[in-house]
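These notes concern the structure reproduced below.
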Amino acid sequence: MSDYNNHLDNNDNGNGKNSFQERFNATRFLKIQDWNLMRLFLITVGIFIVMSLLMPTKFPRVLNFQSMGFQMSEIGILGIAMALAMITGGIDLSLNSVANLTGILCSVILTRLAGPNVAEPQVGLAVFLAIVIGLVIGIVCGLLNGFLIAYVGIPAMLATLGSMTLFTGFAFVITKGTGFFGIEAFQKIGNGYVAGIPIPLIIFAAVAVIMIVVMNNSSFGLKLYLLGSNPKASIFSGIDNRKVLLRTYALSGMLAALAGIVILGRTNSANPDYGASYVLQALLIAVLGGVNVNGGFGKILGLVLAVFSLQFLSTGLNMLLFRSPGANFFKMFSWGALIILFMIINVVSERRKQRASIKKPKPA
Amino acid sequence: MAEKFLEVKNISKSFAGVHALDDVSFEVRKGEIHCLVGENGSGKSTMIKIIAGVYEPDEGEIIISGKSYKRLHPIDTIREGIQIIYQDFSLFPNFTVAENIALNKQLSENRKFFHKKEAQQVARAALESINIKMDLDSLVGTMSVADKQLIAISRALLQDAKLIIMDEPTTALTGREVKSLFKVINDLKARGISTMFVSHKLNEVLEIADRTMVFRNGKKIIDADAKEFDQSKMVYYMTGRKIESDSYDFGDQNKSGTPLLSLNNLSSTGRFKDVSFDLYKQEVIGVTGLLGSGRTELALALFGINPADKGSIQIEGKAVKINNPQDALKHGIGYVPEDRLTEGLFLEHSIGNNIVVSIVNKLLSKIGLIDKNTKQKEIDTWVKDLSIKTDSADNPAKSLSGGNQQRVVLAKWLASNPRMLILNGPTVGVDIGSKSELHEIIKRLAGEGLGVLVMSDDIPELLHICNRILLMRGGKIVDEFQASQITENELAEKLAEG
Amino acid sequence: MKKFLRTNEFYVAVILILLCVFIGIKSPVFFSLQNVFDLLRSSITMGIFAMGTLIVIISGGFDVSFTAIAVSSMYITIKILFAINYEGSFLVALIISALIGLLMGLINASIIGFFRIPTLIATLGTQSLFHGFLLFFIGSKYINNVPDGMLRFSRSNLITTVTPTGAITGLQSGILILVAVVIVVYLLLRFTMIGRNIFAIGGSREAAERSGINVIRTQFFIYGFVGMLAGIGGIIHGAHYKQGNPFDLVGTELNTIAAVVLGGALVTGGRGTVLGTLLGVALVVVMNNSLILIGVPSEWQKVVLGIILIIGTGIPAYQNMQAAKRVKTNLAE
């Protein structure tokens with residue numbers, strides 16, 4: 001057989017140009033990947049330094065880090081959930097509604113099973129039950145999305161718009177418009193520390209680590225990336241697209257539910273329209289973190305960096321605009337501006353790269 | 001000699017530092033059928049896009065009817081009477097026939113308002129000018145490829161076209177439809193309209209051309225009267241070397257054992273009917289037929305994309321059901337699709353990932369994660385075995401040439417250790433040079449014990465690599481030949497019948 | 001395909017009629033002139049928004065920023081009119097609001113046209129940008145009255161009638177603006193080349209570019225026009241409620257999108273009709289306003305809307321998927 005290969009080698013020397021092109025594209029490809037993460041890292045550090053210089057007595061403080069740790073958990077988890085959907089080439093607009101619905105149902109379970117006069121062991125059981133049931137609710141919501149997208153064929157954007165209305169609707173039906181509350185034990189989890197590190201941050205870190213492993217090292221992750229970049233080719237490679245999509249949206253729903261549980265623990269309240277801007281922020285994190293809006297690409301590590309940079313920015317703005325009642329409105333404005341800015345930067349840098357490479361002289 | 005209509009002078013164009021076109025000059029005369037041939041990547045489509053005004057040339061000029069342009073804009077090209085019919089026809093699937101045909105005319109007249117009646121009159125007249133009748137109110141999205149082609153041609157003619165450029169116009173046409181297309185082109189010629197026919201199908205070029213030019217690696221290699229060419233000369237100019245196609249001896253066919261694959265009256269409503277044949281180890285069976293004869297549908301059914309609904313499939317004597325590609329994979333069936341770029345490859349992803357995609361579940365370590373070493377070993381094996389030309393398997397698949405890409409698709413299936421392979425148009429769009437290498441690979445694989453089904457309408461290819469050829473028509477197998485006992489011409493005639 | 005489109009509108013009409021008859025039987029109030037006038041009045045703003053959304057969806061795009069544009073135009077206009085103490089005609093308010101809307105629409109258009117950013121993401125971004133801009137830079141205070149011209153407009157009726165209880169009720173004049181918008185959009189889509197271009201881009205952007213259609217210019221028209229409609233809808237909404245609430249409307253874009261999609265517009269672009277959209281709007285308005293008449297509690301409305309949206313998008317999506325599987329073979333039988 002080796003003779004045969006030699007024969008092929010000898011025959012294929014006609015096209016020297018190709019091997020150059022291959023090398024050229026390869027280095028460019030690698031550079032883009034690294035450059036994205038590097039750029040993100042520099043942005044994160046940059047924001048941190050600017051904020052620290054502007055508010056040396058307030059920003060770079062342990063207390064501030066801890067408070068940021070509490071805040072970034074939920075949006076970070078939602079960002080990862082959004083990234084999963086976007087890597088398939090879709091989008092999940094229902095994340096926030098799943099989080100709220102889960103929070104509300106958990107609150108119902110907790111207040112029913114672990115009211116004020118209930119013994120310690122039963123409280124523990126109730127908390128455990130609430131978390132498990134909450135995650136199951138998230139999975140069920142995600143499965144509905146996945147079913148509508150993969151088996152009914154509704155475009156992800158519309159399917160999740162529809163399910164978002166449905167989930168928010170259920171949340172309204174359960175609460176009849178009022179806010180629900182958690183219990184003390186649960187609140188301790190949401191506001192507690194382990195070794196000085198906020199528990200929500202630990203949850204986020206765990207999610208991030210697990211997802212990095214899943215996306216980089218599991219067969220599910222590889223299939224997900226491949227499916228996202230070319231769903232037709234994945235069918236023709238024997239991947240069961242529908243199953244992968246179903247699982248992805250289920251996972252995304254479960255993460256949204258986890259975010260809902262963290263929110264309930266942290267704020268001790270759940271209501272149907274909490275965090276209306278979270279979907280946009282999750283999208284922003286995903287785009288900022290380098291997830292390709294057309295699917296197929298995106299690194300969880302990039303997402304983590306994006307979460308940090310946004311949290312620095314958000315906290316920094318809050319501190320800077322301390323006296324203004326409109327800090328939240330300014331953030332709203334900023335998130336919108338940022339997402340557009342980053343999309344534009346991506347487009348322009350891609351275009352410039354193409355143009356620069358055209359101008360390069362002919363290789364020897 | 002008729003006067004010049006289009007003159008292209010010293011055009012050069014580079015992408016990413018590579019010369020796509022290098023100092024190309026040629027002219028097209030009035031009423032001339034000017035053929036442009038070349039392998040993929042030879043610069044054909046770059047040339048078309050420069051004439052279309054989509055790309056700006058780095059150097060050179062284009063002279064149309066005596067007027068010189070440094071760069072054309074799409075609207076200049078249209079106003080000068082040049083129409084381009086792209087491979088995908090550029091039609092609007094949501095528009096009716098009439099709306100599609102009339103749109104460009106209305107646009108170029110800078111109309112502000114749209115009248116349905118007028119569009120219909122315009123469209124009817126345009127179709128009549130090439131003697132075609134068609135329902136003007138059908139949505140184009142629902143029509144056949146041949147009809148779309150005719151719509152695209154009549155739309156082009158409406159614009160008072162003086163030159164029509166057709167980019168690979170026959171790829172989706174049956175033999176009969178190609179004949180009627182040629183009739184239309186000759187009619188245009190009689191009316192003084194030039195045609196630039198861009199193709200890689202040499203027999204068609206030989207049949208229709210007045211003048212032929214060959215591009216290779218961005219350069220014009222030759223430009224001469226069509227009479228001066230024959231098939232082997234053209235192949236030589238295209239590839240820069242002589243391609244020998246010796247046929248391969250399969251040796252004794254051991255047909256006494258259990259067949260690898262046995263189909264018994266396999267049917268799929270609306271697709272194919274009562275298909276029965278046996279495929280043995282080491283055998284290469286060609287399945288041929290015109291577009292729509294059911295050959296692709298049969299392949300898709302065997303791979304589980306559109307499962308058959310009647311009849312039976314036996315693999316090594318055992319009845320099996322193939323309801324989805326996962327079943328096919330389980331039974332050792334691999335499928336190399338016709339459209340490599342959209343169905344076969346993940347272009348942006350690494351060559352390595354493309355190779356292991358179908359076997360990721362077999363690469364898992366004890367803890368259920370992908371074992372990097374096992375994966376790398378698998379990838380290295382196939383890059384070596386199929387001589388895939390690359391520095392690193394981490395490069396994206398899009399960095400490879402067509403022939404090497406097809407090897408990656410083959411490697412994907414070989415890695416799954418299949419019993420049989422279904423190859424649908426295995427060398428469509430592959431350079432002539434790489435084509436014969438792919439043929440050798442296919443024959444070697446069969447020699448090693450695979451059963452191979454080749455769906456193709458490339459007659460020399462079928463005769464070259466298959467030992468048996470099945471002819472499909474109207475969803476049924478209507479004839480069967482031993483490859484050694486039929487000539488190219490005989491097979492071509494059989495194929496075009498009916 | 002054409003048949004399918006017809007049946008899609010037909011289905012919506014049938015569902016609408018059945019729903020109306022059902023509600024009417026259970027609650028005869030539904031068919032009272034007052035209720036009908038109320039429903040029509042409620043349809044005005046959504047109807048105008050829906051015409052804009054229809055155009056965007058036909059072009060293959062998606063716009064979720066129009067509510068932010070509407071509320072910003074409305075609020076800014078009211079502030080301007082109060083600032084200059086203008087008490088004249090509503091027309092002035094309408095024009096100012098429309099111009100502000102147009103400006104914001106053009107911002108959308110530049111982002112989408114020049115940079116080719118996916119429309120959903122671009123408009124999600126501008127929704128936040130516009131609304132954040134309004135709340136932070138312009139104001140976030142509730143204004144509990146509106147300039148005189150708007151007040152007079154909101155009280156003007158085309159037809160008035162006296163209800164059995166003696167109250168005077170009427171058909172609000174804003175319906176004329178809706179009718180005008182509907183006619184303009186219908187003519188635009190049906191009889192102009194710009195309309196052709198919009199359908200063409202939605203059918204195949206690449207083919208449109210090759211035919212010499214200036215896609216970016218068309219997108220400027222689309223998003224500018226939609227912004228203008230949002231401005232018009234916003235100021236009418238403000239007049240109807242006689243208030244300038246900067247938190248109004250945003251978050252309700254889904255109702256409008258649902259109406260347009262239920263009306264048969266294809267989200268992948270290239271298909272959609274004015275008639276279907278009007279039926280869709282009627283359906284959503286009846287559901288939002290009248291389910292309560294037959295004892296469906298108001299908190300269930302979102303659930304019902306969600307289910308209808310899922311079914312309404314699911315049926316055509318499923319049919320498309322099945323149709324794509326049916327490959328045509330020239331079978332000799």
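Residues of residues 338-346 of chain A that come closer than 4.5 Å to chain C, counting heavy atoms only, are Ile339(A), Ile340(A), Met343(A), Ile344(A), ordered by residue number.
Each of Leu246(A), Asp240(A), Ile239(A), Leu245(A) was checked for a side-chain contact (heavy atoms from CB on, under 4.5 Å) with Lys243(A), and the lone residue meeting it is Asp240(A). For the side-chain contact (heavy atoms from CB on, under 4.5 Å) with Val303(C), the qualifying choice from Thr168(A), Thr165(A), Leu166(A) is Leu166(A), the only one to do so. Of the residues Val244(A), Ile149(A), Thr248(A), the one that meets the side-chain contact (heavy atoms from CB on, under 4.5 Å) test with Thr88(A) is Thr248(A).
Contacts with chain A were tallied for Ile308(C), Ile311(C), Leu254(C), Ile315(C); Leu254(C) has the most, counting heavy-atom pairs under 4.5 Å. For the set Leu280(A), Val293(A), Asn294(A), the count of heavy-atom pairs under 4.5 angstrom toward chain C peaks at Leu280(A). Ranked by heavy-atom pairs under 4.5 Å with chain A, the list Phe137(C), Phe136(C), Phe62(C) is led by Phe136(C).
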Does the pair Ser234(A) and Asn241(A) meet the rule for a side chain to side chain donor-acceptor pair (under 3.5 Å), with working shown?
CA-CA 7 Å; Ser234(A) 72; Asn241(A) 278 13; 2.5 Å; yes
Give the intermediate values and the outcome of side chain to side chain donor-acceptor pair (under 3.5 Å) for residues Asn108(C) and Ser65(C).
CA-CA 9 Å; Asn108(C) 274 338; Ser65(C) 71; 2.9 Å; yes
Could you walk me through whether Ile174(A) and Phe180(A) satisfy the side-chain contact (heavy atoms from CB on, under 4.5 Å) test, starting with their C-alpha distance in whole Å, then the side-chain angles of each, then the deciding distance to 0.1 Å, before giving a yes or no?
CA-CA 10 Å; Ile174(A) 295 167; Phe180(A) 275 26; 4.2 Å; yes
Decide yes or no on side chain to side chain donor-acceptor pair (under 3.5 Å) for Asn145(A) and Ser94(A), but give the supporting numbers first.
CA-CA 9 Å; Asn145(A) 283 333; Ser94(A) 73; 2.9 Å; yes
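Ile111(C) touches chain A through its side chain: at least one heavy atom from C-beta onward sits under 4.5 Å away, while N, CA, C and O do not. Only the side chain of Ile91(A) comes within contact range of chain C, with at least one heavy atom under 4.5 Å from a heavy atom of that chain. Heavy atoms of Leu135(C) lying under 4.5 Å from chain A belong to its backbone as well as its side chain. With a 4.5 Å cut-off on non-hydrogen atoms, Ile154(A) touches chain C through its backbone and its side chain both. For Tyr151(A), the part lying under 4.5 angstrom from a heavy atom of chain C is the backbone only. Only the side chain of Val261(C) comes within contact range of chain A, with heavy atoms under 4.5 Å apart. Residue Ile307(C) touches chain A through both its backbone and its side chain, counting heavy-atom pairs closer than 4.5 Å. With a threshold of 4.5 angstrom between heavy atoms, Ile310(C) approaches chain A through its backbone and through its side chain.
Using modelled atom types and a 3.5 Å distance limit, the side chains of Gln127(C) and Thr123(C) yield no donor-acceptor pair. Side-chain contact check for Asp92(A) and Ser252(A): at least one donor-acceptor pair (N or O, by modelled atom type) lies under 3.5 Å.
Val347(A) has its side chain out of reach of Arg116(C): every pair of non-hydrogen atoms, C-beta onward, lies at least 4.5 Å apart.
Here CG of Asn245(C) is found 6.5 Å from OH of Tyr142(C). Values are rounded to the nearest 0.5 Å.
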